[in-house]
Q: 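To start, I am sharing the structure in question, which I have written as structure tokens.
Computation of the quantities below employed the complete heavy-atom set of this structure, encompassing side-chain atoms and omitting hydrogens, waters and symmetry-equivalent molecules.
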Amino acid sequence: MSFKLTFLFFLCSCVCMSQNIKISGQVLDQNNMPISYANVILVHTEDESIIKGTITDDFGKFEIGYLNSGTYNLEISFIGYSQYSTQIDLKASTILEPILLEEFSEALDAVNIFAKRPTYKKSVRSNCF
């Protein structure tokens, strides 16, 4: 009887200890088109250490699993778009609303183009008598 009780206790402790909290969502642009291969990073708020990261798939979807409950910063970035950041308090598995990234546009002040003429000219002379 003690073997069965020990086994039951061990099984219950394993089930209680194994939390499989995950976070998932979709990244879209301003035209509601999916953004493929965007960087998704989960950062711990206390010490700003990177917990886990992934990239979005062809449909702009991502999933980060095997997380502990706590408070995290979710950071999403992609070339040509402004970085998205939000704080998330995870207590259970979460599916986020679609995340919209805005296009990043930066205007240059000025572009100067300089052209120099050669300092000498080469001309052909004909020697006629």
Q: Mind jotting down which residue pairs meet the side chain to side chain donor-acceptor pair (under 3.5 Å) criterion with at least one end in residues 38-55? Sequence neighbours excluded, please.
A: D47-S49
Q: Quick one: salt bridge (charged side-chain N to carboxylate O under 4.0 Å, His left out) pairs with a partner in residues 26-40, sequence neighbours left out?
A: none
Q: If I take atom CZ from residue F104 and atom CD1 from residue I79, how far apart are they, to the nearest 0.5 angstrom?
A: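 The distance works out to 12.5 Å.
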Q: Scan residues 33-42 for pairs that pass salt bridge (charged side-chain N to carboxylate O under 4.0 Å, His left out), counting only residues two or more places apart or in two chains.
A: none
Q: Quick one: list whatever passes side-chain hydrogen bond (donor to acceptor under 3.5 Å, both in side chains) with T71, sequence neighbours left out.
A: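 For T71 the side-chain hydrogen bond (donor to acceptor under 3.5 Å, both in side chains) partners, ignoring immediate neighbours, are D89.
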Q: Looking at residues at least two apart in the chain, or sitting in another chain, which of them share a salt bridge (Lys or Arg N to Asp or Glu O under 4.0 Å) with E75?
A: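 None.
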Q: What is the minimum heavy-atom distance between N20 and S93, and which atoms define it?
A: O-OG, 3.5 Å
Q: Which residues, ordered by chain and number, are linked to I55 in its hydrophobic cluster, where ILVMFWY side chains connect at heavy-atom gaps below 4.5 Å, directly or through other members?
A: Y37
Q: Taking the side chain as everything from C-beta on, heavy atoms only, tell me whether L74 gets closer than 4.5 Å to L96.
A: yes
Q: Could you tell me whether the side chain of L90 reaches within less than 4.5 Å of the side chain of N68, counting heavy atoms only?
A: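 In short, these two side chains do not touch, never coming nearer than 4.5 Å.
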Q: Less than 4.5 Å apart, side chain to side chain, heavy atoms only: is that true for L67 and I23?
A: yes
Q: Is there a chain of hydrophobic side chains (I, L, V, M, F, W, Y, each step under 4.5 Å between heavy atoms) that links F59 to F78?
A: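 In one cluster: no.
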Q: Of all residues at least two apart in sequence or in a different chain, which pass the side-chain hydrogen bond (donor to acceptor under 3.5 Å, both in side chains) check with N31?
A: none
Q: Considering non-hydrogen atoms only, spot the tightest contact between I21 and S69 and give its length.
A: CD1-N, 3.7 Å
Q: Looking at P34 and G60, what are the two nearest heavy atoms and their distance?
A: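 Heavy-atom minimum between the residues: CB-N, 3.7 Å.
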Q: Using every non-hydrogen atom in the two residues, find where I35 and A38 come nearest and quote the distance to one decimal.
A: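 Residues I35 and A38, closest heavy atoms: CG2-CB, 4.0 Å.
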Q: Is L100 isolated, or which residues cluster with it under the ILVMFWY side-chain rule of less than 4.5 Å, directly or via members?
A: L28
Q: Establish whether F62 and I88 are linked, either directly or via other cluster members, by ILVMFWY side-chain heavy-atom contacts under 4.5 Å.
A: yes
Q: Would you please name every residue forming a side chain to side chain contact (heavy atoms under 4.5 Å, CB included) with E102, sequence neighbours left out?
A: Q30
Q: Run the side chain to side chain contact (heavy atoms under 4.5 Å, CB included) test against I41 and tell me which residues pass, sequence neighbours left out.
A: V43, I50
Q: Begin with the C-alpha distance, continue with both residues' side-chain angles, and end with the deciding distance and a verdict on side chain to side chain contact (heavy atoms under 4.5 Å, CB included) for N73 and T86.
A: CA-CA 6 Å; N73 286 332; T86 187; over 6 Å; no
Q: With sequence neighbours excluded, give me every salt bridge (charged side-chain N to carboxylate O under 4.0 Å, His left out) pair touching residues 55-72.
A: K22-E63
